[in-house]
Amino acid sequence: MRLADKVAIVVGAGQTPGDTIGNGRATAVLFAREGARVLLVDRSAAAARETAAQIEGEGGAGRCEVFEADVTSEADCRALAAACVERFGRIDILHNNVGIGTDDGSATRLSEAAWDRIMDVNLKSAFLTCKHALPVMREQHSGCITNISSIAAICSTNILAYKTSKAGLNALTHTIAMANAKYGIRANAIMPGLMNTPMAIEGISQARGIAKDDLIAVRDAAVPLGQKMGSAWDVAYAALFLASDEARFITGVMLPVDGGQSARIG
C-alpha cells in the first residue's frame, strides 16, 4: 500500500490492442494495487474501461473512474483536473503517459502537419495537464508529477519531431520541478528505452512491414542488460517509486529505464 490514501490521474490509461500490456495501463493497475484511487484518462473511453475492468477484477472496485479526454485540448485538461477533485477530493499524482511518433522522419522529409501533431500530443498535452493540476497541488502544498519521456531525448536518432518533443518534455519537467518546489510539489520524468509494448511492437511492425517476431529479436539484441527489452511493468514500478513517499526528496530527475542502453558511450 505504497500509495495508500493518494489520488492519481493517469493520462493515457488505455492502450492500443496488442499481445502485451502498455505503459499507461500497467501504471494505472499498479497504482490501484498500491492503494491509490485513480482517474483513468484516455481519448478512448473504451480502452480506459478495459483498464478499469482489470483493476476491478483484482478487487479494486471503487478505486477508479474513467474520464474521456483529448489532452491536446485545454478545455479537456481543465475538465479532467476539475473532475478528479469533484470525484476524489484532491490530486496527489499526475502521471502523463501519452506519446506518438506517427509519420516522423528526418528534417528534409518530415511534414509540417506531422511535426505539429507530434508536438501537440507529446509536449503540449503535458503542459496543459500540468497547468490545470498545479493550482490544486499548490493549494494542497503537495503533489507529484511524472512525465513519460524517452531515451530518444538524449540519444542519437533520426526521428526529429519525436526526439525534439521528448527533449522538450524533459525541459518542461525540470522547469516545473524548480518552479514548484516551494509548494512541496515534485516533478520528474521517466525515459524508457526499448520496451515490449503494443504501441512499439504492433505499431512499428505494421508501419515498417516487419514481422513482430523479427522486430522483437532486433530490439532485444540492442539492449545491453540481458539482451532483452523491458516491459511496461518496468516503467510502472519506476513510476510507483517516484510517486511514493519513498521518493519525497527526489525532484527534477530524468530517470532512464532502459537496460543500460543510454549509458553506452562511443
Side-chain angles (χ1 to χ4, degrees), residues 3-17 21-100 117 120-140 142-148 169 172 176 185 187 190 197-199 232 235-236 239-240 242-243:
L3 301 181
D5 301 321
K6 294 187 184 292
V7 173
I9 298 173
V10 176
V11 180
Q15 69 174 67
T16 54
I21 193 167
N23 292 333
R25 178 168 293 169
T27 299
V29 169
L30 186 58
F31 281 7
R33 286 178 185 170
E34 293 289 338
R37 291 172 290 166
V38 187
L39 187 69
L40 306 169
V41 178
D42 204 277
R43 65 180 180 178
S44 168
R49 282 193 293 269
E50 290 175 359
T51 304
Q54 183 168 343
I55 292 170
E56 291 163 358
E58 295 185 0
R63 302 214 66 84
C64 64
E65 292 199 28
V66 169
F67 191 89
E68 184 177 0
D70 174 359
V71 287
T72 66
S73 159
E74 181 162 15
D76 281 14
C77 291
R78 183 185 298 111
L80 72 86
C84 189
V85 173
E86 179 183 349
R87 299 178 191 187
F88 297 126
R90 56 189 296 114
I91 303 172
D92 296 300
I93 301 159
L94 171 62
H95 183 88
N96 284 311
N97 185 87
V98 296
I100 61 169
R117 179 62 178 160
D120 282 354
V121 173
N122 295 6
L123 184 54
K124 186 176 82 169
S125 65
F127 152 61
L128 291 174
T129 57
C130 289
K131 178 180 180 179
H132 293 287
L134 277 169
V136 178
M137 292 180 173
R138 286 179 176 182
E139 187 174 345
Q140 297 167 176
S142 66
C144 172
I145 297 169
T146 304
N147 296 318
I148 301 302
L169 186 59
L172 180 145
I176 286 176
I185 298 167
I190 294 171
T197 61
M199 181 169 288
V235 175
L240 171 62
L242 290 174

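All values reported here derive from a predicted model rather than from experimental measurement.
The shortest heavy-atom contact between S73 and L128 is C-CD1, 4.0 Å. When all heavy atoms of T51 and G14 are compared, the closest pair comes out as OG1-CA, 3.9 Å. In terms of heavy atoms, L3 sits closest to F31 at CD1-CD1, 3.5 Å. Of all non-hydrogen atoms in C84 and I91, the two that sit nearest each other are SG-CG1, 3.8 Å. Nearest heavy atoms, P17 versus P198: O-CB, 3.6 Å.
To the nearest 0.5 angstrom, L123 atom CG is 6.5 Å from L169 atom CG. In this structure, NE2 on H95 lies 9.0 Å from CG on N147, to the nearest 0.5 angstrom. For the atom pair I21 CD1 and L30 CG, the distance stands at 9.5 Å (nearest 0.5 Å).
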For residues 60-68, which side-chain N or O atoms pair as donor and acceptor with protein atoms under 3.5 Å away, sequence neighbours left out?
{"unit_1": "R63", "atom_1": "NE", "unit_2": "A36", "atom_2": "O", "d": "3.2"}
{"unit_1": "R63", "atom_1": "NH2", "unit_2": "G35", "atom_2": "O", "d": "2.3"}
{"unit_1": "E65", "atom_1": "OE1", "unit_2": "R87", "atom_2": "NH1", "d": "3.1"}

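Between D92 and Q140 the shortest side-chain heavy-atom distance falls below 4.5 Å. Taking the side chain as every heavy atom from C-beta outward, I9 and V41 approach each other to under 4.5 Å. Between D42 and Q15, the closest side-chain pair of non-hydrogen atoms is not below 4.5 Å. With a 4.5 Å cut-off on side-chain heavy atoms, I185 and I176 do not count as touching. A heavy-atom distance below 4.5 Å is found between the side chains of N122 and I100. By the 4.5 Å heavy-atom criterion applied to side chains, S125 and V11 are not counted as neighbours.
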For side-chain contact (heavy atoms from CB on, under 4.5 Å), just list the numbers for R78 and K131, CA-CA rounded to whole Å, side-chain angles, deciding distance to a tenth of an Å, and then say yes or no.
CA-CA 8 Å; R78 183 185 298 111; K131 178 180 180 179; over 6 Å; no
L40 and I55: side-chain contact (heavy atoms from CB on, under 4.5 Å), yes or no, with the steps?
CA-CA 11 Å; L40 306 169; I55 292 170; 4.1 Å; yes
Residue pair L94, M137: steps toward the side-chain contact (heavy atoms from CB on, under 4.5 Å) verdict:
CA-CA 10 Å; L94 171 62; M137 292 180 173; 4.0 Å; yes
Audit row: R25, E50, side-chain contact (heavy atoms from CB on, under 4.5 Å) steps and yes/no:
CA-CA 9 Å; R25 178 168 293 169; E50 290 175 359; 3.2 Å; yes
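When atom types are taken as modelled, the side chain of D120 and the backbone of T72 share no donor-acceptor pair closer than 3.5 angstrom. Put simply, the side chain of T129 gets close to the backbone of A126: a donor and an acceptor are under 3.5 Å apart. A distance-only check finds no donor-acceptor pair linking the side chain of T146 to the backbone of A239 [under 3.5 Å].
In this structure, E58 places its CD atom where more than 12 heavy-atom neighbours from other residues, nucleotides or ligands lie under 6.0 Å away. Atom CZ of R43 has 12 or fewer neighbouring heavy atoms from other residues, nucleotides or ligands inside a 6.0 Å radius.
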